[in-house]
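This chain uses plain numbering: 1 for the first residue, then up along the sequence.
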Amino acid sequence: GRLAVQLREGQLGDPTLEIGYWAPPEGYCDPGGRPVAIPPPGADRAATLVERDRRPFAVLVHDVAVLDEPALVDAVAAATRLSAANAALQAELHTRLAELEASRRRLVLAADDERRRLAVQLERGAQQRVSDLIDTVRGAGAAAGPEARRHLGRAGSSPAPRPGRG
């Protein structure tokens, strides 16, 4: 990425510089996942190995003359480690953000499902109460006198008021 460009164009001035990160079992790979070949001894290119916690971490493949100063090798190795740590943090951030977005989508879907379920329950409950009320009125009509039955009959045959309109 950016580190390779900075090293190629600035600090090292080697336009052929390649950076590979340790990716077992393949070995060293560039940021795009392509293998980075380590040149054999005596070639016009050299490999500078970078370790982290005493384990392989990265390799810089460069012109033989570029990294002949130990202080420069140490500085480039430190920059490589920092760049990789930053890339790992960025990847973790993107992963967590994706997990958060997926969690939010699941919560929204669950809330929508619960809202629909409650609406159905409310409707069924209201229908049941109306049905119970009709049964109660019919039962009261059977026990009432002829005048009361006539009033109940008219009430039972008139259209029911609509909620919110009356």
**Q** Which pairs pass side-chain hydrogen bond (donor to acceptor under 3.5 Å, both in side chains) with one or both residues in residues 99-112, sequence neighbours excluded?
**A** D112-R115

**Q** For A43, enumerate each residue passing the side-chain contact (heavy atoms from CB on, under 4.5 Å) test, keeping only those at least two apart in sequence or located in another chain.
**A** P39, P40

**Q** Quick one: side chain to side chain donor-acceptor pair (under 3.5 Å) partners of R116, sequence neighbours excluded?
**A** D113

**Q** Testing the basics here: between V61 and A37, what is the closest heavy-atom pair and its distance to 0.1 Å?
**A** CG2-O, 3.7 Å

**Q** With sequence neighbours left out, write down each residue that passes side chain to side chain donor-acceptor pair (under 3.5 Å) with R34, or none if nothing qualifies.
**A** D30

**Q** List the atom of G20, the atom of V36, and the distance in Å for their closest heavy-atom pair.
**A** CA-CG2, 3.8 Å

**Q** Who else is in the cluster with I134 when I, L, V, M, F, W and Y are joined by side-chain contacts under 4.5 Å?
**A** V130

**Q** Check side-chain contact (heavy atoms from CB on, under 4.5 Å) between Q128 and all other residues, then give those that pass, not counting sequence neighbours.
**A** D132

**Q** Does A23 have any side-chain contact (heavy atoms from CB on, under 4.5 Å) partners at least two apart in sequence or in another chain, and if so, which?
**A** E26, C29

**Q** Name all pairs fulfilling the ring-ring contact (aromatic ring centres under 6.0 Å, His included) condition that reach into residues 25-50, sequence neighbours left out, sorted by first residue then second.
**A** W22-Y28

**Q** For residues 37-51, pull every pair meeting salt bridge (charged side-chain N to carboxylate O under 4.0 Å, His left out), keeping only residues two or more places apart or in separate chains.
**A** E18-R45

**Q** If you group Ile, Leu, Val, Met, Phe, Trp and Tyr whenever their side-chain heavy atoms sit less than 4.5 Å apart, what else falls in with L107?
**A** none

**Q** Among residues at least two apart in sequence or on other chains, which ones pass salt bridge (Lys or Arg N to Asp or Glu O under 4.0 Å) with R117?
**A** E114

**Q** Listed by chain and number, what are the salt bridge (Lys or Arg N to Asp or Glu O under 4.0 Å) partners of R55, not counting sequence neighbours?
**A** none

